[in-house]
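Working notes for the structure below.
All values derive from a computational prediction rather than experimental measurement. We name chains A, B, ... by the order of the sequence lines, and we start the count at 1 in each one.
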Amino acid sequence: MRFRSKSFGGLVVAAACATALAACSSSSSSSTPSAAATPISGGTATFAELPATTPNYIFPFTSSAYISVSNTDLFQYLLYRPLYWYGTGNQPTVNTSLSVANLPVWSNGGKTVTITLKHYMWSNGQPVTAQNVVFWLNMENAVGNVDYGAYTGFPNVQVTSMKIASPTTLVLNLNKAYNQQWFLYNELSQVTPMPEAWDRTASGPSSCSTTVSDCAAVYKYLDSQSRNLNGYVSSPLWSIVDGPWKLTSFNADGYVAMAPNKSYTGPVKPHLSQFEELPFTTDAAEYDVLRAPSSSSKVDVGYIPSEDLPAKPAGAAVGSNPLPGYSLAPWDDWGISFYTMNEQDTIGDHGAIIKQLYFRQAMAYLLNGQAVVQGPLKGYGSLTTGPVASVPATSWLSSQQANDAFPYNPAKAKSLLTSHGWTVTPGGTDSCSNPSLCGTGITKGSTLNFTFNYVTGLAWVQAELTQLQSNALAVGIKLNLKPEPFNTVVAGYSGNCVVAKIPCNWDMADWGLGWSFYPDVLPTGETLFMCGAIANSGGYCDKNNDSLIDQTLTSSNLSYMYSWQNYLQTQLPVEWQPNAPYQITEVVNNLAGVTPQEPTLNITPENWYYVK
Amino acid sequence: VALYTVRRLLQAIVVLLLVTMISFALLRAIPGNVAAAVMGPNVYRDPAAIKLFDDTYGFNKPWYNQYLLWLSHLVQGNLGYSWNLNQSVASLLGQRIIKSGILVGISVILAVLIAVPIGMLQAVRRNKFADHFFNGFSTIFYAMPSFLLGLLLILIFAIKFPIFPAEAPQGLGLGVIFANFNAMILPIATLTLITIALFSRYARSSVLDNLTEDYVRTAKAKGASERRILYRHVMRNSLIPVATLLGLSLPQIFAGALITESVFNYPGMGLLFYQQAQKEDYPTLLGVVVVVAVATVIGSLLADIAYAVLDPRVRY
């Protein structure tokens with residue numbers, strides 16, 4: 001997972017058309033100018049950064065403190081191409097055209113994977129080689145568990161040996177056969193080839209690309225170089241790129257300018273002569289510039305603050321746009337959203353109550369997700385229906401999980417409680433009158449009275465929880481809402497309290513951002529829902545679920561994926577809640593190629609071009 | 001005067017120490033976890049991340065040890081490192097202080113130049129139309145939040161009548177600001193109008209007090225013209241409370257600039273403080289506190305020196 005900010009809520013081309021301008025214009029959505037428009041070569045396109053989220057780390061081997069959309073997707077990937085690119089149009093799938101390597105070839109019963117690189121060149125004239133990939137893998141082996149923000153154990157756990165078969169061919173031998181799709185989407189997704197010139201320390205060239213023990217010192221040096229923001233443009237290290245863009249200006253306040261990399265050997269050469277990213281203090285300040293462009297300031301690709309966004313009519317792709325000259329384009333991210341109920345709760349018998357499936361299901365029936373989407377999310381959100389993201393719909397989503405298993409139904413919630421020994425007192429507080437039905441560890445007279453810690457600053461989360469509080473009270477469940485700063489909620493409740501050794505004395509929590517599937521793109525549940533996973537914040541533990549997850553990790557058969565998500569959808573390890581879009585993008589009408597936007601939140605401005 | 005200055009400087013050091021100590025303790029009392037603030041949900045991705053972060057930045061030590069460490073670095077001119085922004089605090093402040101300094105400096109100078117004559121005019125024309133007019137003017141702007149005034153100015157002068165840009169000059173350094181000074185008009189106007197309202201009321205009240213003083217009657221008795229009395233005698237004495245106010249209101253003006261900076265997309269010191277406070281970026285917060293505290297102490301010292309210039313009876 002990667003920490004991402006969202007513009008929605010008031011805090012805050014596609015790779016598919018990688019071949020030609022004409023292709024871009026024909027496949028774009030409503031924000032794209034008509035096909036009759038004449039493409040223009042050159043020009044500067046400006047892209048608005050979300051408030052207070054500016055790029056500030058250039059080294060792609062990014063630690064937890066700096067791994068973010070603004071650093072990786074919107075900055076590093078434009079300069080340094082990852083081994084595999086995820087995002088094909090509006091799908092989070094691997095993009096074979098934009099990837100630096102061909103799809104991996106499997107042999108030896110699935111225990112050997114061969115990766116062949118395409119012809120890519122670094123801007124210093126060196127080719128991108130298998131050794132550049134090993135450079136990354138060695139570094140991850142050496143310091144990944146501490147210094148790489150998306151570390152999953154790869155490659156240490158799975159890769160027993162690696163061999164450079166030719167300058168462009170790398171062979172990895174694995175300890176066992178894995179789900180090949182999982183290995184491609186969740187492990188190889190981390191890799192970005194690094195040029196040989198980066199293999200050095202302050203005292204001179206080093207050998208991390210051949211000797212793992214040298215990597216710690218190399219990492220330390222490169223990390224220190226990435227802390228000199230004012231030196232990014234002139235740095236002899238960071239100016240070596242293999243992506244379509246090279247950095248021409250970088251201000252520590254977040255302003256970024258890039259020009260086309262003339263040595264780029266990838267599939268689509270930039271059409272623009274310059275691409276700029278602009279920092280903003282608030283979304284209102286960004287919107288003012290959208291509304292009043294001047295000779296000194298303009299935004300071509302920006303976002304509309306949620307408070308200025310008209311509601312979208314049901315069934316429409318987008319609602320009306322208050323900005324003349326721009327088109328709206330919702331940008332959904334590849335993730336799920338939920339709130340957590342703590343099964344390891346140490347307050348009275350709250351943990352025992354939350355462990356009861358019927359109680360979790362009753363809570364699910366009390367959230368009116370459709371009303372949240374139509375109300376505070378103004379029609380632009382989507383329901384989370386299970387552990388696999390449902391927007392965009394992918395082949396990984398089962399037909400069962402495509403439907404909401406718990407549509408708003410307070411009568412069912414009440415029925416679940418009464419049938420399990422609770423005396424329901426609408427407007428009051430329910431109490432357990434029959435402990436044998438209430439469940440293990442729940443005593444007679446226990447009440448349904450919980451504290452719900454939630455994040456401040458996200459208007460739609462506040463509105464949703466107020467609705468939930470009211471609905472719950474109607475069936476006698478008392479939720480005491482407690483707003484807290486984001487970092488308090490994240491630090492206190494987003495980790496498995498037993499594993500992370502943090503206090504377990506909390507009931508329910510919502511930090512609003514849910515979980516993003518990137519750079520581990522395949523939505524398998526090992527990091528979020530397995531027993532003992534540190535990010536399993538509610539402490540849900542079910543051996544059957546673990547066994548189903550294991551099957552998804554070792555077999556590419558989609559039926560295993562479906563079996564797992566169908567099971568977990570109704571088990572409610574967390575409570576599914578609607579997901580807000582990453583942002584509602586505003587694209588100036590004479591700029592083409594911006595849409596569709598990739599749900600992995602990558603951007604490809606090399607596809608953008610102005611039209612007459 | 002030298003002895004006085006040395007005494008005041010020593011007092012200033014004690015004040016600064018107390019300010020930093022109290023700020024440090026208060027910042028550490030904020031609930032939450034710094035590592036989580038920086039890493040977000042990633043914090044529980046990697047069990048080693050929190051420990052590494054705490055070890056690196058000394059958060060595993062008692063707060064007083066952290067304070068002493070910070071203080072020892074400060075003495076050596078090292079204000080620390082912002083892990084959120086991946087820059088040294090000195091570098092961050094260096095970028096922002098110029099921006100805030102220009103915005104606040106020009107606004108305050110303009111405000112004083114406009115407010116003092118207005119205050120004098122109001123006092124001289126007491127209970128006449130001019131007095132009522134400027135009273136209304138100052139009351140409206142005194143009561144108006146700076147974000148509202150800023151948004152109104154943008155609405156009128158950037159959107160309805162596109163005369164000025166909606167955002168302040170972008171980029172770092174003086175050159176960028178002065179090359180596009182047209183874009184500074186609206187932010188400066190916002191802060192100036194708010195500050196005029198504050199100063200003009202003080203100036204009016206002070207002039208009124210002085211007009212009833214014996215020395216004014218004496219000057220009149222000696223045949224001095226009204227103009228001479230007003231500009232040579234009353235104005236000078238009336239400026240004393242304004243000078244005090246000016247020195248002590250620097251923190252408030254910086255705070256007001258925060259809103260103006262935010263509305264006009266002009267990342268200065270106030271906004272830096274606000275944004276990093278939400279991320280528990282202690283080194284940056286303390287850096288801003290130190291700068292504002294030093295500015296306030298210097299402002300207060302300058303106000304005292306101004307007394308001596310304005311009032312010959314004051315001797316140190």
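There is no contact between Ala284(A) and chain B, counting heavy-atom distances below 4.5 Å. Only the side chain of Ser294(A) comes within less than 4.5 Å of a heavy atom in chain B; its backbone stays farther off. The parts of Tyr57(A) that come within reach of chain B are both its backbone and its side chain, each placing non-hydrogen atoms under 4.5 angstrom from that chain. Heavy atoms closer than 4.5 Å to chain A are found in both the backbone and the side chain of Asn265(B). Contact of Leu272(B) with chain A is not made at all, since no heavy-atom distance falls under 4.5 Å. If you measure heavy-atom distances from Tyr266(B) to chain A, the contacts under 4.5 Å come from the backbone alone.
Side-chain N/O atoms of Gln76(A) and Thr62(A) include a donor and acceptor closer than 3.5 Å. A side-chain donor from one of Gln344(A) and Asn496(A) sits under 3.5 Å from a side-chain acceptor of the other. A donor-acceptor contact closer than 3.5 angstrom links the side chains of Gln190(A) and Thr152(A). Under the 3.5 Å distance criterion, with hydrogens and angles disregarded, no donor-acceptor pair is assigned to the side chains of Thr281(A) and Glu261(B). At a cut-off of 3.5 Å, with distance as the only test, a side-chain donor of Gln95(B) or Ser91(B) sits close to an acceptor on the other residue. A donor atom on one side chain and an acceptor atom on the other are found under 3.5 Å apart for Tyr255(A) and Glu276(A). Side-chain polar atoms of Ser537(A) and Thr340(A) form a donor-acceptor pair below 3.5 angstrom. Between the side chains of Tyr493(A) and Glu484(A), at least one donor N or O lies within less than 3.5 Å of an accepting N or O.
Distance CD1/Ile177(B) to CD1/Ile102(B): 4.0 Å, rounded to 0.5 Å.
By the 4.0 Å N-to-carboxylate-O rule, Asp223(A) lies too far from Lys220(A) to be salt-bridged with it.
Using a 4.5 Å heavy-atom cut-off against chain A, the contacting residues of residues 156-166 of chain B are Ala158(B), Ile159(B), Pro165(B), Ala166(B). Interface with chain A: from residues 62-70 of chain B, no residue qualifies, criterion being any non-hydrogen pair under 4.5 Å.
The number of heavy-atom neighbours closer than 6.0 Å to NZ of Lys298(A), taken from other residues, nucleotides and ligands shown, is above 12.
The aromatic ring centres of Phe59(A) and Trp238(A) sit less than 6.0 Å apart.
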Going through the distances and angles, do Tyr303(A) and Phe280(A) end up as a ring-ring contact (aromatic ring centres under 6.0 Å, His included)? CA-CA 11 Å; Tyr303(A) 44 87; Phe280(A) 286 95; 7.1 Å; no

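Across Ser295(A), Ser297(A), Ser63(A), Gly254(A), the residue that shares the most heavy-atom pairs under 4.5 angstrom with chain B is Ser297(A).
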